[in-house]
Amino acid sequence: MTELRFPEGFVWGAATAAYQIEGAAREDGRGESIWDTFSRTPGRVFQGHTGDVACDHYHRYAEDVALMAELGLRAYRFSVAWPRIRPDGTGPVDPRGLDFYDRLVDALLARGIDPFVTLYHWDLPQALEDRGGWTARETAEHFADHALAVHQRLGDRVRTWTTLNEPWCSAYLGYGNGVHAPGRRDAGAAFRAVHHLLLGHGLAARALRAAGAEAVGITLNLADVRPADGGSAADAAAVRLVDGLQNRIFLGPLTGAGYPDDVLAHLSRIVEPDFLRDGDEKLIAAPLDLLGINYYSPTYVAGRAGGAGNSAYPGTAGSVEFLPPVGPLTDTGWMIEPAGLTRLLERVAADHPGLPLFITENGGAFPDRDIDGTGRVTDTDRIAYLDGHLRAAHDALSRGVDLRGYLVWSLLDNFEWAEGYRKRFGIVHVDYLTQRRTPKESARWYQEVISRNGL
Ligand code: FCB
């Protein structure tokens, strides 16, 4: 195969999230988050796994940063746990929480690794959930305060800020179908949450910029939504509905176009939109310096009367059928289709010209195979997955998409939300009994890619 080179300065990195790796759940004043509550509720997470210890990154961050340096990472995307900064969500800042991220940022910079900070990766302080969580408008305002507190401490060293990670998941999985914390099952609440998450983004983004932040953005899990067999008008309508619920409901307001009419009409059939206030769309449309896209898998739908729909997409039952994924699949059962990434990047670039894009997550869960008992972890299927998606990203680049970087999910095996520790996404293996880290073959492969700036 011919060699593929990436543009000079292309950002190669890896991503993690606080609750998934930090552990130290009760240390240094950290408050409870909705994921603490959820994971301790019987039946919510695989075999009752919790993030109490996770990868113990809170104590082992120096070792982890050394590993990142060894792999040659240029950037590291991590999230800040809101309950470490303000244990009850709104009260005084606990400096010990900020101290941890301060040390982490210094360790990264000392190794020449650029910190990409995510201000919210799903661990809402439980105290705020008790007051309505993201269904309450005040949560958006508190989030802007959280963002400012973090910026005040780290803003002299951190250049790239993203507000939210995947608000689609927070809203629809957290409040709609209950698969994620806080586990509520109420479609109306899911739409309220969408709006308040977006509002929180807008308020935080403005506050960050006013405080001098260099680059501010958001990360979305946009979907490449495809019709079942490309044909019927019903299929096209299904694509449009699902695209509206997953992509346009976020992209519209974020980029200044407001909520699309068809999306508003759909949500108004489910919930009285009394939470939308005059001026909100303007607040949400804070200027974006970058858009982070997380891509794993495409979504295929068909328009069918009586279709089962999907509880993660409110109002799709009765008209939409989500097609079961067809192989090859990852260990989470997600369909592997790198071309979906190219299509998605091209579409976003075409619809929103001038917006720099980053792939802020991409990767796959695969069962590890220890071939020789020496601890060597062979993960050829992960290498194939990453190789395919990097080629797809390169295709988008060569068609003119302004793609600035790629952050693999994930640096470490970690707590995969409702799946607990049974799904391994890391390029570095974690032995949860000893906390020993072992770079998998994919990590060595990625190290090569980075050093050659290409494939
Ligand atoms: C994304 C999440 C991330 C991780 C990957 C597999 O939706 O942002 O935390 O769980 O999926």
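When a ligand or atom number is given, it counts from 1 through the structure's own listing order. Just so it is clear, the model here is predicted, and its values are computed rather than measured.
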How would you list all residue pairs meeting side chain to side chain donor-acceptor pair (under 3.5 Å) that involve residues 132-141, not counting sequence neighbours?
->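 As it turns out, the side chain to side chain donor-acceptor pair (under 3.5 Å) pairs with a partner in residues 132-141, which skip direct neighbours, are Y120-W134, R137-D280.
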Residues that H352 engages under side chain to side chain contact (heavy atoms under 4.5 Å, CB included), provided they are two or more places apart =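 H352 satisfies side chain to side chain contact (heavy atoms under 4.5 Å, CB included) with L251, T255, V348, L355 once adjacent residues are dropped.
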Name all residues meeting the side chain to side chain contact (heavy atoms under 4.5 Å, CB included) criterion together with R44; count only those two or more places apart in sequence or in a different chain, and write none if there are none.
->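 For R44, the residues satisfying side chain to side chain contact (heavy atoms under 4.5 Å, CB included) (neighbours in sequence not counted) are F38, T41, R185.
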Any idea how F10 and W12 line up, ring-wise: parallel (<30°), tilted (30 to 60°), or perpendicular (>60°)?
->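 Ring orientation of F10 relative to W12: perpendicular.
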Within 45° of the axis and under 6.0 Å from the centre of the six-membered ring of Y175, does NZ or CZ of R184 qualify?
->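 Not flagged: R184 not positioned over aromatic ring of Y175.
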Anything with a heavy atom under 4.0 Å from ligand 1 counts, so go ahead and list those protein residues by chain and number.
->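 Within 4.0 Å of ligand 1, protein side: Q20, H121, W122, N165, E166, Y296, E361, W409, E416, W417, F425.
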S79 and H121: side chain donor to acceptor below 3.5 Å |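 Not at all, the side chains of S79 and H121 share no donor-acceptor pair under 3.5 Å.
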